[in-house]
Amino acid sequence: MTPTLDITLAGIRMKNPVMVASGTFGYGPEYADLVDLDKLGAIVVKGISLEPWGGNKTPRMVEVSGGLINAIGLQNPGVAGFIGKYMPFLRKHDLAVIVNIWGKTLEEYAEVAARFDGVEGIHALEINISCPNVKAGGSSFGTTLESTAKVVAAVRAKTKLPIIPKLAPNVSDIGAFAKVCEDNGADALSLINSFPAMAIDIETRRPILANISGGLSGPAIHPIAVKLVYEAAKAVKIPLIALGGITSAKDAIEFMIAGASAVAVGTANFTEPLTALNVIDGLRDYLARKNMTRVQELVRSIRI
Amino acid sequence: MTPTLDITLAGIRMKNPVMVASGTFGYGPEYADLVDLDKLGAIVVKGISLEPWGGNKTPRMVEVSGGLINAIGLQNPGVAGFIGKYMPFLRKHDLAVIVNIWGKTLEEYAEVAARFDGVEGIHALEINISCPNVKAGGSSFGTTLESTAKVVAAVRAKTKLPIIPKLAPNVSDIGAFAKVCEDNGADALSLINSFPAMAIDIETRRPILANISGGLSGPAIHPIAVKLVYEAAKAVKIPLIALGGITSAKDAIEFMIAGASAVAVGTANFTEPLTALNVIDGLRDYLARKNMTRVQELVRSIRI
Amino acid sequence: MMRIENGTVVGHDAMGPDYRVLTLKLPEVAPLAKPGQFIHLRLAQLHDAVLRRPFSIYRADGNHLSILYKTVGRGTASMQNLRLNDTASVVGPLGNGFPLDLASSVTPVLIAGGYGVAPLYFLARKMTRRGILFIGGAKAADILLADEFRALGWEVQVATDDGSLGVKGLVTLALDAWLQALVPNAQPEFFACGPNGMLKAVGDRAISGNRKAWLSLDRHMGCGVGACLACVQKVRLSGQETLARVCKDGPIFEARDVIWED
Amino acid sequence: MMRIENGTVVGHDAMGPDYRVLTLKLPEVAPLAKPGQFIHLRLAQLHDAVLRRPFSIYRADGNHLSILYKTVGRGTASMQNLRLNDTASVVGPLGNGFPLDLASSVTPVLIAGGYGVAPLYFLARKMTRRGILFIGGAKAADILLADEFRALGWEVQVATDDGSLGVKGLVTLALDAWLQALVPNAQPEFFACGPNGMLKAVGDRAISGNRKAWLSLDRHMGCGVGACLACVQKVRLSGQETLARVCKDGPIFEARDVIWED
Ligand SMILES: Cc1cc2nc3c(=O)[nH]c(=O)nc-3n(C[C@H](O)[C@H](O)[C@H](O)COP(=O)(O)OP(=O)(O)OC[C@H]3O[C@@H](n4cnc5c(N)ncnc54)[C@H](O)[C@@H]3O)c2cc1C
Ligand SMILES: Cc1cc2nc3c(=O)[nH]c(=O)nc-3n(C[C@H](O)[C@H](O)[C@H](O)COP(=O)(O)OP(=O)(O)OC[C@H]3O[C@@H](n4cnc5c(N)ncnc54)[C@H](O)[C@@H]3O)c2cc1C
Ligand SMILES: Cc1cc2nc3c(=O)[nH]c(=O)nc-3n(C[C@H](O)[C@H](O)[C@H](O)COP(=O)(O)O)c2cc1C
Ligand SMILES: Cc1cc2nc3c(=O)[nH]c(=O)nc-3n(C[C@H](O)[C@H](O)[C@H](O)COP(=O)(O)O)c2cc1C
Ligand code: FES
Ligand code: FES
């Protein structure tokens, strides 16, 4: 019997628990020649702010051992630009659309959320409180419990869509951050964003990235992310979406055993655009081999 | 002209700024057939506690992408065992000996420090407040400012040796931790320890390590460590010893440009025991190529 | 339309001491290729690299596609180990490519630096007319394909930094001399691929002479397909400053559209 | 005394469908090797692996050292690509090795599981006397070197799980039958290398029969030289429980010293 992969996560129905991560898959059309979008559980689009935003200067990305550091700086066409330019395309596809949002102030977060409320074809908002690349907001919000609580509550007040705060990895006690999100109305959590990191050109003695530092993503961070997911799962009951260094079904399965209800593929889309599809197939094969009939059986199934 | 590599760091004179990291080079004799100890700047020995300590159950180590996770659990022969068994050997060698210490309580940290004060041949104490693998103390001390301050002050009160707190990487604001150490009498700082991390065997659905989780080290963490060193260097004036994923002179030079006065090679000793010697040679060649006469010119020389 | 495909190595030969030509069997990708487009190559040998490597398409003949590369870092170093029948994953063809429909009065003027000659050779083979190639490099060994261009009936002028072949100096020196001698009603249109400095210099000449120049930009890339925004270049589009993606909106830009910063 | 040395591949051959013998030229390491010791191998092909891989020494002849390996994961998979004249970094010889000075009345009894036969073959070649080898495996293809042992004058008894060669069942079945039939004043001493279950079973028989058993333990390793404490095994040393390092204090332990925990 073929195991079933469909899940309902925070009220969002998905045909499988495999998504593509914000910032690594554009807004949908970019990879559409290579990846059949209708096979994905969900797309999380690149972070959207109230107004169009230009992002950082180049160089914006550098490859390092086991990963890359990016400092794109959240370049995006703004709420109206995104809805006008990309939603018609996305609505034609059979996958959940989760919009990653950010703001430079609390008010902006709330306003962006308000603007998306009721827009046809959008299934949830992922709140980026943890981007290491925007100084004005992002990073600082996600690293104190107080500001995390405020952002989540502010967004909650403005939308009926499921909201999914995306946690910063560079905290000592991820459980406390997970809990404060749950307490303030989060429907699910995404973890994790990339790690603050830096590379220096030893010939020029300058930082390689124009932004000085950026966020590390890719296989390098996977074992850290698994630990954070495991800790967060102990702290909250709401479902978790895990990401960080997934390159194969094995990596995704580790996350689900540790506590995730769904997973997202990020950097690996660049390495191998078919990764998300391979994860779906590998997950199905694994469940069949293990005689599990529903993917839910895997979630939080760790044996200690 | 050959550039000079010798430095005096927190009063410790070293013929070069390249050390081997605690827990990755034993107590000296283990690698002595392969590595001429007299060529190293310093050895930081495996963490020592008041009494002998057995550590965790096996498996204690697992290889992951770009690194390994270890949960040795600080197995060691205790202060008396270490001094009796290893100091005679170490005293015969021409390198600085830094003893990494830890305790399960504040009192134990202080007591271990007291016991080492005045022991011939010991040049400094590195205080491990950040080991992710011992639940009773270690980890928790290094992740709050208050307990960090207390441990550093307690050790300071008991020794005239230079003291070097070793910081935990999993904090949001490394600068604050660096500062609180400086304010409480630290002579230098080591950063960073390994990252809390975890790997799960998807066949058994059990954690691979007997201790459930452990610490991630190796190339995977290098770009994160560079960023932390850069931030710490902005926060304090005391010298920094940088470690985390060094495999080549290039990695070490990045650390020094970012703010480190010295560096330590850890996991790479396992991969390639000659790494520290290669780093020394590579550093000398680099300085010569860049027309620098003293290695100090490199320290904190980042151009923003 | 782009594809992802595992290519089999069917040729891998040195071109002088520093360059190599890698030919892959790519029945899906090769037939789609246009001059100025590139492929994004993944090497199984480089397990731990998360990024693919972009290379201009040098030839596309039937099912075969070739690139011409120089070893500069760990990716290109590991490419050297590719042997016949090894495979490498390819995404492509990517990018916009050069415009091919020139007015009949136009003389194509190609300007190449180093491996920048690769896409220009593909362009020359696809153009029905002939023109002139200016090719520059550090030394004689960096001057590639000059004879092949001549065989196609193109004029070729060479410049090297050390004077070991052609005129000594920058390739724009040779170009300037040629421009000076142009008959008034000549209509040169430029196609350039090489280092940024060269592109900018060519662009400046085009703009001041009121000619078109198609510049192939070289930027570090993440996704290669327009999704990650790593490769952006400030451009002017219909009068408005905006950030174009070199991988998707480029790599070919008309000189007037490019806003060079420092 | 251990050394670090770059070995050049001088031989790489299949031994049956699942095993291979890799022979390296190691003029410094090879002459130091003793049976039961191992080397720690680093593969340039496996850029991103931070750990070396341990392999028992199967042969050491002059400057040449061989290991016999089975492909089980990514390290051993990448070893398969080693070709003649490739190099691999080796640290060795490591560990204590088997005792070689047996009382003259003693009959050596070797018990091997899978690739565990490799160090035992080296041991047999270095022993001046002959004895008996019990060798077990899942199927006929896992029974290696039986003829080579016979050629050295050893008796060989084979057991396979599927009965495709020798008796069907565990190797200890054959051993038990042999022990049963022993003359009273026989003095067998055991040397075993294989899976933990087998080692424990051999040890139990040795202890209950009041014989010695030298067991070669297989543990995941970090440094291989005694520095990292990844590979510890609980043992009894002079009556005291302590943690021994399998890489340095072992890999060979006498059965009475080993404290097995589930
Ligand atoms: C559109 C385009 C076409 C190209 N065509 C060719 C060609 O035909 N022949 C050729 O030899 N080279 C070409 N290049 C450059 C080629 O991509 C780089 O030489 C190659 O990526 C270097 O990889 P590496 O791993 O050897 O170097 P490393 O320095 O180890 O690479 C590290 C990272 O930097 C990137 N990088 C390094 N140099 C460059 C560069 N010059 N441009 C873009 N990214 C770079 C790599 O892709 C990688 O992500 C082209 C680049 C672009 C953008
Ligand atoms: C003292 C000693 C002698 C050995 N002698 C031989 C021999 O002669 N022939 C042979 O084929 N194998 C031998 N092994 C086992 C061999 O080390 C493993 O098969 C090999 O390390 C697997 O590496 P991998 O990358 O292919 O597997 P992976 O599973 O990808 O390796 C992942 C990690 O686990 C470790 N690992 C996996 N399996 C083992 C194992 N069985 N023992 C120790 N570490 C393991 C690897 O070293 C690596 O660190 C010996 C092991 C030890 C400890
Ligand atoms: C180029 C790039 C751009 C990203 N942009 C965003 C973003 O806009 N919003 C966001 O929340 N996360 C962003 N991320 C973070 C990813 O969504 C993901 O959390 C992170 O990369 C870790 O997953 P990975 O290791 O699988 O890439 C970005 C990551 C990369 C590499
Ligand atoms: C096996 C192992 C044991 C370690 N033991 C200690 C220890 O006892 N005390 C300590 O402060 N750090 C210990 N560490 C941490 C290292 O000293 C170092 O901080 C860390 O590994 C990061 O450096 P690396 O990436 O170069 O290995 C240990 C690391 C490893 C891998
Ligand atoms: S490389 Fe990703 S947008 Fe161009
Ligand atoms: S492997 Fe490091 S002590 Fe044995």
Side-chain angles (χ1 to χ4, degrees), chain A residues 20-35 43 45-47 52-77 133 208-210 214 216-221 245 247 266-275 277, chain C residues 1-6 28-29 32 39-44 46-54 73-75 88-95 196 217-235 240-250 259-262:
Chain A
V20 283
S22 181
T24 66
F25 210 80
Y27 301 102
E30 295 84 351
Y31 276 107
D33 277 358
L34 307 179
V35 180
I43 178 175
V45 301
K46 172 78 187 158
W53 184 253
N56 295 326
K57 288 208 185 303
T58 56
R60 291 176 167 190
M61 190 183 281
V62 56
E63 191 181 69
V64 292
S65 307
L68 62 85
I69 314 177
N70 91 80
I72 305 299
L74 294 172
Q75 178 187 334
N76 79 87
N133 298 328
I208 293 182
L209 298 177
L216 178 67
S217 63
I221 67 172
T247 63
T267 298
N269 293 312
F270 306 157
T271 326
E272 177 47 66
L274 304 180
T275 303
L277 302 182
Chain C
M1 178 54 79
M2 60 177 163
R3 296 265 180 244
I4 181 163
E5 190 174 18
N6 272 316
E28 297 202 31
V29 174
L32 301 171
I39 61 166
H40 222 185
L41 192 68
R42 183 181 183 200
L43 299 164
L46 214 61
H47 315 279
D48 58 326
V50 297
L51 294 182
R52 289 171 176 256
R53 302 292 189 261
R74 64 194 201 103
S89 165
V90 165
V91 174
L94 299 172
N196 270 349
L217 267 53
D218 181 340
R219 262 278 190 301
H220 285 220
M221 286 180 180
C223 64
V225 303
C228 75
L229 309 178
C231 66
V232 295
Q233 167 66 41
K234 200 177 267 184
V235 298
Q240 270 223 300
E241 273 197 16
T242 177
L243 291 168
R245 300 160 301 178
V246 170
C247 67
K248 177 82 181 173
D249 308 315
I259 303 172
W260 298 100
E261 297 176 290
D262 57 15

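Given the structure is predicted, the values throughout are model-derived calculations rather than measurements. Below, chain A is the first sequence line, B the second, and so on; all start at residue 1. When reading the values below, keep in mind they use all heavy atoms of this one structure, side chains included, and skip hydrogens, waters and symmetry mates.
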Looking only at heavy atoms, what is the nearest atom pair of A:Thr58 and C:Ala230, with distance?
-> CG2-O, 3.9 Å
Give a yes or no answer on whether the side chain of A:Arg60 reaches the backbone of C:Leu229 with a donor-acceptor pair at less than 3.5 Å.
-> yes
CD on C:Glu5 to CG on A:Leu34, rounded to 0.5 Å = 11.5 Å
Between C:Leu243 and A:Gln75, the two heavy atoms sitting closest are CD1-OE1, 3.5 Å
Roughly how far, to the nearest 0.5 Å, is the NE2 atom of C:His220 from the CD1 atom of A:Ile208?
-> 9.0 Å
Side chains of C:Arg52 and A:Glu272 in contact at under 4.5 Å (non-hydrogen atoms) = yes
With a 4.5 Å cut-off on heavy-atom pairs, point out which of C:Val232, C:Asp48, C:Thr242 contacts chain A the most.
-> C:Val232
Heavy-atom pair count under 4.5 Å with chain A, highest-scoring of C:Cys228, C:Ser89, C:Gly226, C:Gly224 | C:Cys228
Looking at residues at least two apart in the chain, or sitting in another chain, which of them share a side-chain contact (heavy atoms from CB on, under 4.5 Å) with A:Leu209?
-> A:Val62, A:Ile69, A:Ala71
Contacts of type salt bridge (Lys or Arg N to Asp or Glu O under 4.0 Å), residue A:Lys57, not counting sequence neighbours = C:Glu261
Just how far is it from atom CG of C:Leu51 to atom OG1 of A:Thr267, taken to the nearest 0.5 Å?
-> 8.5 Å
Are A:Phe270 and C:Val50 close enough that some pair of their side-chain heavy atoms sits under 4.5 Å apart?
-> no
Would A:Glu30 and C:Cys223 count as a side-chain contact (heavy atoms from CB on, under 4.5 Å) if you check the C-alpha gap in whole Å, the side-chain angles of each, and the deciding distance to 0.1 Å?
-> CA-CA 10 Å; A:Glu30 295 84 351; C:Cys223 64; over 6 Å; no
